[in-house]
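This one's a predicted model, so the numbers in the text were calculated from it and none came from an experiment. Residue numbers run from 1 in the order of the sequence given.
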Amino acid sequence: MESTKKDNEIISLRQVKGAEILDVLNCAGISERFFNRSRAWFIQRLNNNIVNGKPVSFTPAELFKLRTALKILASEITNFTTNIPNIPTDMAIKVYVIEDPEAIQYFINDDIDGFKEYLASDDMLDFPAPEYFDTEAEALAYCAGMGYGTNERATPERYPLRSCEEVDQPFIAALENY
C-alpha cells in the first residue's frame with residue numbers, strides 16, 4: 001500500500017494480502033478503542049460502503065492508525081498467549097533432558113534392553129520431569145543449544161529424549177514405567 005494515498009482515493013483493505021484476519025477481529029472494539037468511532041463507521045470504511053453517494057475508505061492518517069492498532073493488538077495477543085498455562089495434552093511433545101552418563105550411553109547405542117536392565121538394577125535413579133511443547137518445532141528449538149560448545153566426539157553431558165522421535169519412544173516408555 002502506498003503512503004501517497006490521496007484523501008479521495010479509495011483503498012480496498014479487503015484486497016490486501018492477509019485481509020481474511022479482519023473477519024475474526026472485533027471491529028466494534030477496534031473502532032471504539034483506537035478511533036473513538038462507532039462500529040458502523042469502521043465497517044463502512046473497511047468494506048468501502050457508499051456513504052452520501054460516494055464509496056468511503058480510511059484516510060492516510062486513519063490507515064496509519066489502523067496499522068498501529070493492529071500491531072498493538074498483535075503484541076497484546078502474543079503476551080496473552082505466553083501467559084496461558086501450558087497444560088500437557090495427548091498432543092503435546094514431551095522432552096526429557098537426561099544428565100545421567102550411564103543412561104546416555106544406552107541412548108547413544110540404541111540399547112533399550114540394557115537401559116531397562118539399568119533401570120531395574122537401581123530403584124534410586126532420579127530422572128527429571130518432562131518439559132511439554134505444543135509443536136515439534138518448539139521442542140526441537142528447546143533442544144537445539146544443548147550440545148553447543150561441547151566436543152562433538154565426547155559423550156554429551158545432557159541428552160534430550162523427545163516423544164516425537166520414534167527412536168526415543170521406547171526409552172521414554174521405560175522411563176515413565178520406572
Side-chain angles (χ1 to χ4, degrees), residues 1 3 13-30 32-34 46 63-178:
M1 183 165 325
S3 60
L13 286 180
R14 296 278 185 192
Q15 302 302 314
V16 175
K17 183 178 178 183
E20 57 276 357
I21 192 65
L22 296 169
D23 296 330
V24 297
L25 295 176
N26 181 338
C27 293
I30 294 170
E32 292 168 10
R33 178 176 171 189
F34 296 101
L46 185 63
L63 284 172
F64 180 78
K65 188 180 268 189
L66 178 61
R67 182 183 302 188
T68 302
L70 294 174
K71 287 180 179 181
I72 290 168
L73 291 173
S75 174
E76 290 172 353
I77 290 169
T78 299
N79 289 337
F80 173 67
T81 60
T82 60
N83 291 327
I84 296 173
N86 190 7
I87 299 172
T89 67
D90 291 339
M91 301 297 289
I93 306 294
K94 291 186 269 188
V95 177
Y96 290 87
V97 179
I98 308 301
E99 296 180 352
D100 180 315
E102 191 169 343
I104 291 172
Q105 283 299 319
Y106 292 114
F107 308 147
I108 291 171
N109 296 324
D110 196 23
D111 183 2
I112 186 62
D113 294 326
F115 182 63
K116 287 179 180 177
E117 288 175 20
Y118 175 60
L119 292 176
S121 72
D122 189 346
D123 62 354
M124 299 300 289
L125 295 173
D126 186 31
F127 295 103
E131 295 288 332
Y132 291 89
F133 300 92
D134 294 328
T135 66
E136 189 173 338
E138 289 173 349
L140 186 59
Y142 174 76
C143 299
M146 285 187 191
Y148 183 77
T150 61
N151 181 345
E152 293 180 11
R153 288 174 270 186
T155 301
E157 293 177 14
R158 297 186 306 162
Y159 193 96
L161 293 174
R162 296 177 296 177
S163 63
C164 59
E165 293 293 329
E166 193 172 325
V167 69
D168 292 346
Q169 290 173 2
F171 293 100
I172 290 173
L175 267 179
E176 291 176 345
N177 293 322
Y178 172 64

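Aromatic ring orientation, Phe127 versus Phe115: perpendicular (interplanar angle above 60°, classes split at 30° and 60°).
Annotation: side chain to side chain donor-acceptor pair (under 3.5 Å) contacts of Glu76 (sequence neighbours excluded): Arg33. The side-chain contact (heavy atoms from CB on, under 4.5 Å) check on Glu136 picks up Cys164, Glu165, with sequence neighbours excluded. In this structure, Asp113 has no side chain to side chain donor-acceptor pair (under 3.5 Å) partners at least two apart in sequence or on a different chain. For Lys116, the side chain to side chain donor-acceptor pair (under 3.5 Å) test picks out no residue, with sequence neighbours left out. With sequence neighbours left out, Phe64 forms a ring-ring contact (aromatic ring centres under 6.0 Å, His included) with no residue at all. In this view, Gln105 and Thr155 satisfy the side chain to side chain donor-acceptor pair (under 3.5 Å) rule, not counting sequence neighbours. Take Tyr159 and apply the ring-ring contact (aromatic ring centres under 6.0 Å, His included) test, not counting sequence neighbours, and it matches Phe107. The side-chain contact (heavy atoms from CB on, under 4.5 Å) search around Glu102 returns Asp100, Tyr106, Tyr118, not counting sequence neighbours. By the salt bridge (charged side-chain N to carboxylate O under 4.0 Å, His left out) test, Glu32 is found to be paired with no residue, residues two or more places apart in sequence or in another chain being considered. The salt bridge (charged side-chain N to carboxylate O under 4.0 Å, His left out) check on Asp122 picks up nothing, with sequence neighbours excluded.
Nearest heavy atoms, Ala174 versus Leu119: O-CD1, 3.6 Å. Closest approach of Lys65 and Phe34 over heavy atoms only: CD-O, 3.1 Å. For Leu22 against Cys27, the heavy-atom pair with the smallest separation is O-SG, 4.4 Å. Cys143 and Arg162 get closest at one heavy-atom pair: SG-CD, 3.8 Å. Tyr178 and Asp123 make their closest contact through OH-C, 3.2 Å (heavy atoms, listed as atom of the first residue, atom of the second, distance).
For Tyr96 (side chain) and Phe171 (main-chain N/O), no donor-acceptor pair under 3.5 Å exists by modelled atom type.
Here the CG atom belonging to Leu66 is positioned 7.0 Å from the CD1 atom belonging to Ile30, to the nearest 0.5 angstrom. To the nearest 0.5 Å, atoms CZ (Arg158) and CD1 (Ile104) are separated by 10.0 Å. Between the CD1 atom in Ile72 and the CG atom in Leu70 there is a gap of 9.5 Å [rounded to 0.5 Å]. Ile172 CD1 to Asn177 CG: the interatomic distance, rounded to the nearest 0.5 Å, is 12.0 Å. The CD1 atom of Ile98 sits 14.5 Å away from the CD atom of Glu157 when rounded to the nearest 0.5 Å. Expressed to the nearest 0.5 Å, how far NZ of Lys71 lies from OG of Ser75 amounts to 11.5 Å.
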In a table with atom names and distances, give each donor-acceptor pair under 3.5 Å that connects a side chain of residues 13-20 to protein atoms at least two apart or in another chain.
from, atom 1, to, atom 2, distance (Å)
Arg14, NE, Asn47, OD1, 3.0
Arg14, NH1, Asp23, OD1, 2.8
Arg14, NH2, Asn47, OD1, 3.2

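With a 4.5 Å cut-off on side-chain heavy atoms, Asp168 and Pro160 do not count as touching.
Counting heavy-atom neighbours within 6.0 Å of Asn83 CG, excluding the residue itself, gives a total above 12.
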